[in-house]
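Both backbone and side-chain heavy atoms feed into the values below; hydrogens, waters and symmetry mates do not. Every chain is numbered from 1 and lettered A, B, ... according to where its sequence line falls, protein lines coming before strand lines. Computed from a prediction, not measured in an experiment: that's the story for all the values here.
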There are 2 protein chains.
Amino acid sequence: MQEKSTRTPNADRRAMMRKKLMDAARSLFVEKGFAATSTPEIVKSAQVTRGALYHHFEDKEDLFRAVVVAEAKELRQAIEVATKGTIDDPLGTGSKGYFEAMSIQGRAQLLLIDGPAVLGVQEMDQIDAGGGRAALRTGLITANPDLSDEGLEAVTKVLSAGYDRAALAIAQGEAAKPYEQAMAALVRATIS
Amino acid sequence: MQEKSTRTPNADRRAMMRKKLMDAARSLFVEKGFAATSTPEIVKSAQVTRGALYHHFEDKEDLFRAVVVAEAKELRQAIEVATKGTIDDPLGTGSKGYFEAMSIQGRAQLLLIDGPAVLGVQEMDQIDAGGGRAALRTGLITANPDLSDEGLEAVTKVLSAGYDRAALAIAQGEAAKPYEQAMAALVRATIS
DNA sequence: TTGCATGCATACAGCCTGTATGTTTATGGA
DNA sequence: TCCATAAACATACAGGCTGTATGCATGCAA
């Protein structure tokens, strides 16, 4: 009479189930895209039932959102760690950190392609808040405090877009170096 | 031996039906996105039946592809027209033409967000071939023939990504000028 | 211990997609 | 002109997916 000795407190249980679903979902979303991934597939991969999924998430999109938010958070933290305590060339360091963090399998697809399409550009902007773009902006300002405040936001956004496209190209198998150099040159030109 | 039928069954009729479906589809895709648009909605809006849709297009994705390809073609032609016969500052002219062409309602969403998500980054790259990016590259080379051939492709891509993000931001209601200036500055820095 | 809330599984209704099948219309040869 | 045929389009159907409703079990608090 082996009682259920695995009496996991509800809070842990909840976190574990969410993680299990999010991991399975992430994997499938990356592999086949959001639209082509069905909830039956996800729960089968996670070895639970759709009841669990819809208990923990509002709907399929909400699960996707959770995956993307977690991904954005990891990216943000990776950049933070990389740039933490760097005194000289924070832009170069941050750039390196960004490319490295974005080389994680599926991350570019999730954050740059499916995210905007499924959640919308506006919401993805929110989710990204404080991510690479913010670091880039402070880096630019630090390197050249004279940068006009007026256009700074726009410059930051388009440069950040360059970084994103570079990361995506690299994720698709293109060589990294030309892109790293291209972005470095653009940033250098911007702050001088 | 049944030889190849050379008959041309009502070509005009065919073109008109395709256009009617593509127009209705474009409108709904822009309004609600690809995934949230159903084929019953599309054909209702076009005042035909799903039979017509599936007669002219393989599936919903194929219809979307047709819409996107047409959109990309219009963009390309608009840029061509704008830059045609410009002697000085072809980059500035092309830039202006690009932004103007990208201000068409829904175009940025279709080409920059839904396109890559639905058709994939690779295929969108094909579809865009000869579009703004090609014009940008030749413009860069013309302005400064010394640009290293090695990294030119990468530079072109990240700059092009900047243009795209700028166009998207403008399409979302942000002011155009800061973005136009930011891109002009980046391009200037690149060719000098 | 008891009653309730939470966690999860099962069942169901509605919609959507793609295909198969039927009907009309136009075309080009006889 | 008329007919055979392929294209154009409409209708019907099968399977799958989403989200919700419902039911049972388990942890928790009183």
A:P40 side-chain proximity, nearest of D:dT18, C:dA9, C:dG18: D:dT18
Closest listed nucleotide, where the reference is the side chain of A:Y54 and the choices are C:dC16, D:dG19, C:dC8: D:dG19
A:E100, CD atom: more than 12 neighbouring heavy atoms under 6.0 Å: no
Integer-rounded Å distance: D:dC17 P and A:F34 CZ: 14 Å
Touch class at under 4.0 angstrom, heavy-atom based, for A:T49 against every strand present: base
Nearest-Å distance for atom pair CG/C1', residues B:L53 and C:dT19: 13 Å
Rounded distance in Å - CD (A:E58) to P (D:dT18): 16 Å
Distance in angstrom units between A:L63 CG and D:dC17 C1', rounded: 15 Å
Side chain to side chain contact (heavy atoms under 4.5 Å, CB included) between B:R165 and A:D164, worked out: CA-CA 10 Å; B:R165 184 98 102 210; A:D164 288 347; 2.7 Å; yes
Rounded distance in Å - NZ (B:K44) to C1' (C:dC16): 15 Å
B:H55 vs D:dA7: side-chain N/O to OP1/OP2 distance below 4.0 Å: no
Rounded interatomic separation in angstrom, taking CZ from B:R14 and P from C:dT25: 19 Å
5' precedence on DNA chain D between B:R50 and A:D59 (nearest-nucleotide basis): B:R50
Nearest-angstrom distance from the residue atom CZ of A:R13 to C1' of D:dC28: 14 Å
Atom NZ of B:K44: over 12 foreign heavy atoms under 6.0 Å: no
Phosphate contact (C:dT17 OP1 or OP2) by B:T39 side-chain N/O below 4.0 Å: yes
More than 12 heavy atoms from other groups under 6.0 Å of CD on A:E61: yes
Ring centre gap for A:Y179 and A:F99 strictly below 6.0 Å: no
B:H56 side chain near D:dC9 phosphate (N/O to OP1/OP2, under 4.0 Å): yes
Euclidean distance, atom CG of residue A:D12 to atom C1' of D:dC28 [Å, nearest integer]: 15 Å
